[in-house]
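When a ligand or atom number is given, it counts from 1 through the structure's own listing order.
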Amino acid sequence: MSSGKPAVRLALLGCGTVGSEVVRLLHEQADDLTARIGAPLELAGIAVRRPGRERGDLPVDPALFTTDALSLVKRDDVDVVIEVVGGIEPARTWLSESLRAGRSVVTANKALLAEDGATLHDAAAEGGADLYYEAAVAGAIPLLRPLRESLHGDRVTRVTGIVNGTTNFILSSMDASGAGFGEALEEATELGYAEADPTADVEGFDAAAKAAILASLAFHTRVTAADVFREGMTAVTAADVASAKAMGCTIKLLCLAERGPDSRGTESVSVRVHPAMIPLSHPLASVGDAYNAVFVEAEAAGPLMFYGRGAGGTPTASAVLGDIVAAARNRLSGTRAPSESAYAHLPIRPIGEAVTRYHISLDVADRQGVLATVAGVFAKHEVSIATVRQSGRDEDATLVIVTHGAPDANLRATVEDLRTLPIVRSIASVLRVEGGA
Ligand code: NDP
Ligand code: HSE
């Protein structure tokens, strides 16, 4: 299809899982994209690490491949730079150079945005260029644009999400089959969900990067990965999952970002990633397999739920393509995407002040006064007990205690004190509980 207008020229950095699908969609949907944008899109070059690598039947001229990404993004005939390489450097240099020179950027690089989004936003402001990154959080799910645009007339108070597909697959599998973490991880690896080195996923680094990006957009405040409290899910056991089931709950690796007053009444932001029990009635409880979902609460809108595929080449490329169309349209009409909104400068609340609930499972002796002693420790730290359940007898009893909401520091201090009690043989598990009364 000819639009009569000169092409919008694209530099693609990276042609792996996501990049190759971007190339395929650009080719397959060329006519529709031209009609939607009002001008054709044209690849000016593709930077990769290994240009000779076998790339199947990718519909692209091999002459477009280069290993010199920096020269590619500096070319005068490039309008939009698409970065799907990942990592901090050299991606930061490529993208900062591009933005400062006035070239729009579309990136899926959550690690860079969470570690040093400020450098990219500042470069975009300096160059008057667009910075789009819908694919960086929750893959195909249109989530950042609603936070960045649709909800800008409202006040977002809380974002609760399942933003890592690998760990959601593992926890869903543990819940369905009763398997332990190791067995479920093996299954996730065999099915191609978990990477050879699953550390970033299972230790919560990937979710923490996404949490920082979500919190920055939701609360108009620069939040980095270093501001996010992070606890992975490798310590979740089959017994924890069974215990959650017995309470009508399931365990999910959650990202939680909320705004509210701290202990001194100062409006602040708390951002954390950790496994938590949530009631089966919670909208996130039914999100299984490797799916992602994000539950947003805003003052006027109320609760909103976003659900879909959070990873994979084609779903992620869908989000990248949406950003390319937006950036291309802006260039043709001489307009810009909404720039960064970080005016609120809200302070970050430490994890100790985050209000949460704990589920604690203790192995104790079933003797007179044990419950009173245990309850005394909770009272000492001003933690209110919601429920107590005992199973077993004599020297072999288990107490399962669920608390009401309390600052995390008080809950931790309670657990530490419980460990020192001679009547407590061991603390079998400690898990946070979210999303219930
Ligand atoms: P891949 O590892 O599959 O692809 C990376 C690409 O970058 C490859 O084409 C590689 O070249 C190229 N590359 C690596 N180093 C360089 C370099 N120094 N110069 C030029 N090219 C380089 O990654 P993915 O496609 O999975 O991920 C890309 C980005 O998208 C990351 O930021 C990731 O976090 C993000 N993302 C990925 C999702 C997914 O499901 N995969 C989901 C959401 C976001 P070569 O092909 O020659 O090896
Ligand atoms: N490893 C990530 C996941 C990919 O499992 O969700 C998407 O960022």
Task: Test item: side-chain donor near acceptor, Ser333 and Thr335, under 3.5 Å - done: yes

Task: Test of proximity, Cys15 against ligand 1: N or O pairs below 3.5 Å - done: yes

TODO: Say whether Arg53, considering both its backbone and side-chain N or O atoms, lies within less than 3.5 Å of an N or O atom on ligand 1.
DONE: yes

Task: ligand 2 N/O within reach of Ala311 N/O, cut-off under 3.5 Å - done: no

Task: Note, Ser243 side chain near His359 side chain (heavy atom, < 4.5 Å) - done: yes

- [ ] Test salt bridge (Lys or Arg N to Asp or Glu O under 4.0 Å) on Arg222 and Glu340 and set out the steps.
- [x] CA-CA 9 Å; Arg222 283 181 173 175; Glu340 184 195 23; 2.8 Å; yes

Task: Heavy-atom check, side chain of Tyr133 versus side chain of Val106, under 4.5 Å - done: no

Open item on the list: I'd like the name of whichever of Glu54, Glu83, Lys110 reaches closest to atom 34 (O) of ligand 1 through any heavy atom.
Closed with: Lys110

Open item on the list: Can you report which non-hydrogen protein atom sits closest to atom 18 (N) of ligand 1, along with the distance?
Closed with: Trp94 CH2, 4.1 Å

Open item on the list: How far is atom 11 (O) of ligand 1 from the closest protein heavy atom, and which atom is that?
Closed with: Arg49 N, 3.1 Å

Open item on the list: Between Arg412 and Glu416 (salt bridge meaning N to carboxylate O under 4.0 Å), is one present in this structure?
Closed with: no

- [ ] Using distance alone, determine whether Asn292 and ligand 2 share an N or O pair under 3.5 Å.
- [x] no

Open item on the list: If you measure every N or O of Ala135 against every N or O of ligand 1, does any of those distances drop under 3.5 Å?
Closed with: no

TODO: For atom 42 (C) of ligand 1, grab the closest protein heavy atom and report residue, atom and distance to one decimal in Å.
DONE: Thr316 OG1, 3.3 Å

TODO: Say whether, by atom type as modelled, one donor and one acceptor occur between the side chain of Lys210 and the main chain of Val163 under 3.5 angstrom.
DONE: yes

Open item on the list: Regarding Asp363 and Ser426, do their side chains bring together a donor and an acceptor under 3.5 Å, going by distance alone?
Closed with: yes

Open item on the list: I'd like to check whether Glu195 has a polar contact with ligand 2, where a contact means an N/O of the residue lying under 3.5 Å from an N/O of the ligand.
Closed with: no

Task: Contact partition for Asp206 relative to ligand 2, non-hydrogen atoms under 4.0 Å - done: side chain

Task: For atom 1 (P) of ligand 1, the option (of Thr17, Val137, Val18) bearing the nearest heavy atom - done: Thr17

TODO: Assess Arg55 for proximity to ligand 1: is some non-hydrogen atom of it under 4.0 Å away?
DONE: yes

Open item on the list: Using 30° and 60° as the class boundaries, would you call the ring planes of His282 and Phe295 parallel, tilted or perpendicular?
Closed with: perpendicular

Task: N or O contact, Ala311 vs ligand 1, cut-off under 3.5 Å - done: no

- [ ] Answer side chain, backbone, both or neither: which part of Asn164 comes under 4.0 Å from ligand 2, heavy atoms only.
- [x] both

TODO: Flag Arg50 as yes when one of its N or O atoms lies below 3.5 Å from any N or O atom of ligand 1, and as no otherwise.
DONE: yes

Open item on the list: Do the side chains of Arg145 and Asp323 get close enough for a salt bridge, i.e. N-O under 4.0 angstrom?
Closed with: yes

Task: Minimum-distance protein heavy atom relative to atom 35 (C) of ligand 1 - done: Ala108 O, 3.4 Å

Open item on the list: Nearest non-hydrogen contact with atom 6 (O) of ligand 2 belongs to which option: Ala111, Gly165, Ala108?
Closed with: Gly165

